[in-house]
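Here the structure is laid out as structure tokens; the discussion comes afterwards.
Just so you know, ligand 1 is whichever comes first in the structure, and atom 1 is the first atom listed for that ligand. Everything numeric here is computed off the predicted structure, so don't read it as measured data.
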Amino acid sequence: MAARTPIVVGNWKLHNTIAQGETLVTELKNQLGTIRDVEVGVAPVFTSLSSISKRLGDSKILLGAQDCFYENGGAWTGEVSAPMLVDAGCSFAIVGHSERRANFGDTDSVVARKARAALDGGLSVIVCVGESEQERDSGKTMERVGTQLSATLEVLTSEDLERVVIAYEPVWAIGTGRTATPAQAQEVHAFLRKQMSQRFQGVGAGVRIQYGGSVKPGNAKELMSEADIDGALVGGASLKAGDFGAIVKACSARQS
Ligand code: 13P
């Protein structure tokens, strides 16, 4: 099977004005211009997308959105659709982030609809899954992430999979400074990969799975050395060009 190219994405969450975002991507372009063996992306707030797209110009850094609504248009106040994200210069969208699941009512079926709409609109999609601390403590990790993943797999075909990335983000590790150990993350990644290969055989097994949750320059290399960890979805550390660049380089050093 072809080696899986690592993918590192900065989820900026609700941070950065347009000007701050432009400065950040300019620094990233300067730092990462020579990196060839890692896909790199940033996901700014909606209002910055168009300006950041122009600033990225012909850079290989991909632009994505932090969410994508499941309808293309109509009376849906406050939402942004896949065709509109493409129009703003995006090539991917994140769906199912735990902050959306917890705060904005994104259920497994809503996440699946959003993933489907993103793909139908021409975007790639990063589908996030992850268990809460309580679920982990009560031994329900695999059940939880398995349910989350299967809801989205239901709406996918094997042709979709080259535009699909899964992000495993344990809720207890997001923004807490508590990272899953490489072994804890690897165990879940291997489980998710098995689930995808059961449904889609080899093509399912080839889908990239990012880890997210307090990834920093100091722990990225160790995480990436695990067999089933194919990159990172980075929150806090993606807001500093130096830290994000160091994480990308740690993934670049990974030999598959
Ligand atoms: P932190 O890297 O800040 O823990 O955030 C992870 C995350 O939620 C990325 O989507």
Do me a favour and list the nearest non-hydrogen protein atom to atom 2 (O) of ligand 1 with residue, atom name and distance?
Gly235 N, 2.9 Å
Compare all side-chain heavy atoms of Ser225 with those of Lys221 and state whether any distance is below 4.5 angstrom.
no
Polar contact flag for Lys216 and ligand 1 (N/O pairs, less than 3.5 Å)
no
Using distance alone, with no hydrogens and no angle criterion, decide if Gln66 and His97 have a side-chain donor and acceptor under 3.5 Å apart.
no
Show which atoms of ligand 1 fall inside a sub-4.0 Å distance from at least one heavy-atom site of Asn11.
9 (C), 10 (O)
Side-chain donor-acceptor pair present, Gln148, Asp108, cut-off under 3.5 Å
no
If Ile, Leu, Val, Met, Phe, Trp and Tyr residues are connected whenever their side-chain heavy atoms lie under 4.5 Å apart, and connections chain through other members, are Val215 and Val188 in the same group?
yes
Is Gly213 close enough to touch ligand 1? Criterion: a residue heavy atom under 4.0 Å from a ligand atom.
yes
Under a 3.5 Å threshold, yes or no: a donor from one side chain and an acceptor from the other, between Trp172 and Glu131?
yes
Is any side-chain heavy atom of Trp12 closer than 4.5 Å to a side-chain heavy atom of Ile52?
yes
Ligand 1 versus Ala173: contacting region, heavy-atom distance under 4.0 Å:
backbone
Nearest-contact summary for atom 5 (O) of ligand 1 - protein heavy atom, Å
Lys13 NZ, 3.3 Å
Thr26-Arg55 side chain donor-acceptor pair, cut-off 3.5 Å
yes
Does ligand 1 have an atom under 4.0 Å from some heavy atom of Ser98?
no
Ligand 1 atoms nearer than 4.0 angstrom to some heavy atom of His97 are 7 (C), 8 (O), 9 (C), 10 (O)
Does ligand 1 have any atom sitting under 4.0 Å from a heavy atom of Ala237?
no
Mind checking whether Leu49 and Cys90 have side chains closer than 4.5 Å, heavy atoms only?
yes
Does any N or O atom in Val234 lie less than 3.5 angstrom from one in ligand 1, N or O only?
no
Using 30° and 60° as the class boundaries, would you call the ring planes of Tyr211 and His189 parallel, tilted or perpendicular?
tilted
Can you tell which part of Ile174 has a heavy atom less than 4.0 Å from ligand 1: side chain, backbone, both or neither?
both
How far is atom 7 (C) of ligand 1 from its nearest protein heavy atom, and which residue and atom name does that atom have?
Glu169 OE2, 3.1 Å
Only heavy atoms of Ser214, strictly under 4.0 Å: list the atoms of ligand 1 that pass.
1 (P), 2 (O), 4 (O)
Checking a contact table here: which protein heavy atom is nearest atom 3 (O) of ligand 1, and how many Å away?
Gly236 N, 2.8 Å
Would Thr176 count as a polar contact of ligand 1, with the cut-off being nitrogen or oxygen pairs under 3.5 Å?
no
For Gly175, the ligand 1 atoms whose distance to one of its heavy atoms is below 4.0 Å:
1 (P), 3 (O), 4 (O)
Asn72 and Ser81: side-chain donor and acceptor closer than 3.5 Å?
no
